[in-house]
Amino acid sequence: MTSKEDLRVLIIGAGPSGLVALKNLRQLGINAVAVDRNFGLGGNWDIRSPHSSVYESTHLISSKGMTQFVDFPMPEDYPEYPSHREVLAYLHFYAERFDLDRFVRKKTSVVSLNKGDTAWQVELQEDGKTAKSSEVFDAIVIANGHHAEPMMPSITGKFSGEVLHAHGYKHHRQLEGRRVLVVGAGNSGCDIAVEAAIHGATAAISMRRGYHFFPKFIRGKPADVVGDRVRRWPIPRSWQRRLSQFVVDWTIGKPHRYGLPKPEHGLFDAHPIINSQLPYYAGHGKLTVFPDVRSFDGETIEFTDGQQAKFDLVVFATGYQLVFPFIDGGLLNTHQGVPKLYLHAFHPTDDTLFVAGMIQPNSGQWQLTDLQTQIMARYLKARQEGGKAAQWFQDLKQSGGIGLSSREHFLATARHRLEVDYFDYRKTLTKIVRQFDQA
């Protein structure tokens, strides 16, 4: 590799993951730049972007204390669960604090990445220009997120009303006076179903399986902050789980008591649904609960239990595709549609290719991405300087598989392919950072 001063690293994306990668690389003296196809910073959190999946009522589902970057806390006057506008403003504050904006090329897309013998050939295209440019970089950090390309199910028949993916939902006005069915019970689906219960003529949700519902607050404290404290207690993990189950049952109650399907999995075996309002509206008869959709016939929808109902609008909250259109899947070590990377971030054999933020934790993500990119920066620096830590980490990522022994209990569904336990994952990353710093 070239000398540290000459090392050029391209970061793809200027959302939270891209910004923290840019900050951590540049703080170690690495010449990193970022490109983003949007006209501003913030990625998915800028509702004005056509690629954004947030809607007008979006708030963080992890608390600010578990989400904010450790070296740059959110403003004290922010609520415990900030709105998308407050989150976007915070990301701009963050970029200003670390002088990142001048290293971000906005309205610039990556057309292709090709690996040469010693470097990456990158084809770029600026918005509004037909001509493409080509540049050479020594390393690549992909931080383009995974909530931009909707995943739509295939359902028999034809629906005569409007069909919408949650990605296209922006405001409750889209629901007013309409008979709404939301398909999917993830966090977005449950949020939209609650808004349909408030603003729609009728509201229903189609749930493939039962889920546990978590409150946002426990006795006035953010639930994830309480959970973080419990996980630090020196008691067996099984006791922690029993205590958590007791608290959830005590604060919200069993789902079936609201007419919701009974979960057939453990409390922490699926991505948490942070929503106490959906059980409330279901229990008040404002939200009808159906199983999976079987077929469409005009305005009539039939469900797998034989029930039928009429609707004007179907909102598919069915998740997103994991796509990297600018790079061949083989270069990312892709297996069954998912890059097989150590800790979902580090390529096992290519020491110049990384993915930041390709995880779905059960609490805040940004602090984890911060640790990921601290490791990326330290590894690149150690490789150039010939440090022993570089060889140690190279051996680790080559032999460690995906390095996540705690994920076997998660549901074997597409939604959980990137699921990680926040606390275990944070502990693993922190140990690696310390190992680099002690080398």
Side-chain angles (χ1 to χ4, degrees), residues 1-36 41-43 45 66-74 90-105 120 137-145 341-347 350-359 361 364-385 387 389-390 392-394 396-397 420 422 425-439:
M1 295 179 71
T2 56
S3 65
K4 187 175 80 169
E5 289 75 21
D6 295 329
L7 179 65
R8 298 189 73 218
V9 179
L10 176 67
I11 299 164
I12 303 173
S17 297
L19 290 174
V20 74
L22 184 61
K23 188 268 291 186
N24 284 329
L25 288 166
R26 296 202 65 86
Q27 279 189 337
L28 287 191
I30 296 171
N31 181 16
V33 296
V35 295
D36 195 290
L41 305 176
W45 287 98
M66 298 292 287
T67 304
Q68 64 194 5
F69 294 116
V70 174
D71 56 357
F72 189 74
M74 290 187 181
Y90 167 75
L91 292 174
H92 279 268
F93 297 152
Y94 181 82
E96 181 179 357
R97 166 63 180 81
F98 295 105
D99 192 24
L100 302 178
D101 189 70
R102 65 192 179 103
F103 301 108
V104 179
R105 303 182 197 172
W120 289 88
F137 292 90
D138 297 293
I140 304 292
V141 177
I142 299 174
N144 65 326
L341 308 179
Y342 180 63
L343 299 178
H344 291 316
F346 306 95
H347 198 288
D350 192 325
D351 300 321
T352 62
L353 180 60
F354 310 89
V355 180
M358 193 183 69
I359 51 174
Q365 177 169 318
W366 300 357
Q367 294 175 16
L368 302 181
T369 309
D370 190 354
L371 290 167
Q372 284 181 341
T373 55
Q374 287 182 43
I375 295 169
M376 294 171 192
R378 284 161 171 75
Y379 179 55
L380 286 171
K381 181 179 179 181
R383 277 191 75 226
Q384 289 187 292
E385 297 179 346
W392 163 77
F393 187 68
Q394 186 180 66
L396 182 64
K397 69 188 183 72
V420 299
Y422 173 90
Y425 193 77
R426 180 179 63 183
K427 183 178 180 180
T428 298
L429 294 175
T430 300
K431 284 182 177 179
I432 295 173
V433 171
R434 287 174 180 168
Q435 186 75 23
F436 272 108
D437 291 344
Q438 293 168 2

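None of these values were measured; they are calculated from a predicted model.
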Of all heavy-atom pairs linking Asp350 and His347, the shortest is N-ND1, 2.9 Å
How long is the gap from CG on Asn31 to CZ on Arg8, to the nearest 0.5 Å? 6.0 Å
Do Gln372 and Ile359 come close enough that some side-chain heavy atom pair is under 4.5 Å? yes
Do Ile432 and Leu343 make a side-chain contact, defined as non-hydrogen atoms from C-beta onward lying under 4.5 Å apart? yes
Run the numbers on Val70 and Gln367 for side chain to side chain contact (heavy atoms under 4.5 Å, CB included), then give the verdict. CA-CA 7 Å; Val70 174; Gln367 294 175 16; 4.1 Å; yes
With rounding to the nearest 0.5 Å, note down the distance linking CZ in Phe98 to CD in Gln27. 6.0 Å
Does Arg26 qualify as a cation-pi partner of Phe103, given the criterion of NZ or CZ under 6.0 Å from the six-membered ring centre and within 45 degrees of its axis? yes
Quick one: list whatever passes side chain to side chain contact (heavy atoms under 4.5 Å, CB included) with Ala377, sequence neighbours left out. Leu25, Leu28
Closest heavy-atom pair and its distance - Thr67, Gly364: OG1-CA, 4.1 Å
What closest approach, in Å, do Pro16 and Leu91 show between heavy atoms, and which atom pair accounts for it? CG-CD1, 3.8 Å
With sequence neighbours excluded, give me every salt bridge (charged side-chain N to carboxylate O under 4.0 Å, His left out) pair touching residues 365-378. Arg378-Asp437
Does Glu96 CD have over 12 foreign heavy atoms under 6.0 Å away? no
Sorted by chain and residue number, the salt bridge (charged side-chain N to carboxylate O under 4.0 Å, His left out) partners of Arg426 (sequence neighbours excluded) come out as Asp228
Rounded distance (nearest 0.5 Å) linking atom CD of Gln394 with atom CZ of Arg383: 6.5 Å
Side-chain contact test, heavy atoms from C-beta onward, threshold under 4.5 Å: evaluate it for Leu10 versus Trp120 and give yes or no. no
Go through the structure and list residues passing side chain to side chain contact (heavy atoms under 4.5 Å, CB included) with Arg434, not counting sequence neighbours. Thr430, Gln438
Keeping the roles fixed (side chain from Gln365, backbone from Gly357), state whether a donor-acceptor pair exists under 3.5 Å. yes
Would you check if Thr373 and Phe354 make a side-chain contact, meaning some heavy-atom pair closer than 4.5 Å? no
Taking the side chain from Asn144 and the backbone from Gly13, do they hold a donor-acceptor pair closer than 3.5 Å? no
How close do Phe436 and Ala389 get, counting heavy atoms only, and between which atoms? CD2-CB, 3.6 Å
Side chain to side chain contact (heavy atoms under 4.5 Å, CB included) partners for His92, two or more places apart: Leu41, Leu88
Which pair of non-hydrogen atoms, one from Leu22 and one from Val104, has the smallest distance, and what is that distance? CD2-CG2, 3.8 Å
Would you say Ile11 and Leu19 make side-chain contact, with heavy atoms under 4.5 Å? no
Between atom CG of Leu7 and atom CD1 of Ile30, what is the distance when rounded to the nearest 0.5 Å? 5.5 Å
Using the ring centroid of each side chain, check whether Phe346 and Tyr379 are separated by less than 6.0 Å. no
State yes or no: are the ring centers of Trp366 and Phe69 separated by less than 6.0 Å? yes
For residues Thr369 and Ala356, report the shortest heavy-atom separation together with the two atoms involved. CG2-CB, 4.1 Å
Spacing of Met376 atom CE and Phe393 atom CZ [to the nearest 0.5 Å]: 8.5 Å
Can you name the residues that form a salt bridge (charged side-chain N to carboxylate O under 4.0 Å, His left out) with Arg105, not counting sequence neighbours? Glu135
For a salt bridge (charged side-chain N to carboxylate O under 4.0 Å, His left out) check, start with the C-alpha distance between Asp71 and Arg97, then their side-chain angles and the critical distance, and finish with the verdict. CA-CA 10 Å; Asp71 56 357; Arg97 166 63 180 81; over 6 Å; no
Gap between atom CD1 of Ile375 and atom CD of Gln435 - 0.5 Å precision: 11.0 Å
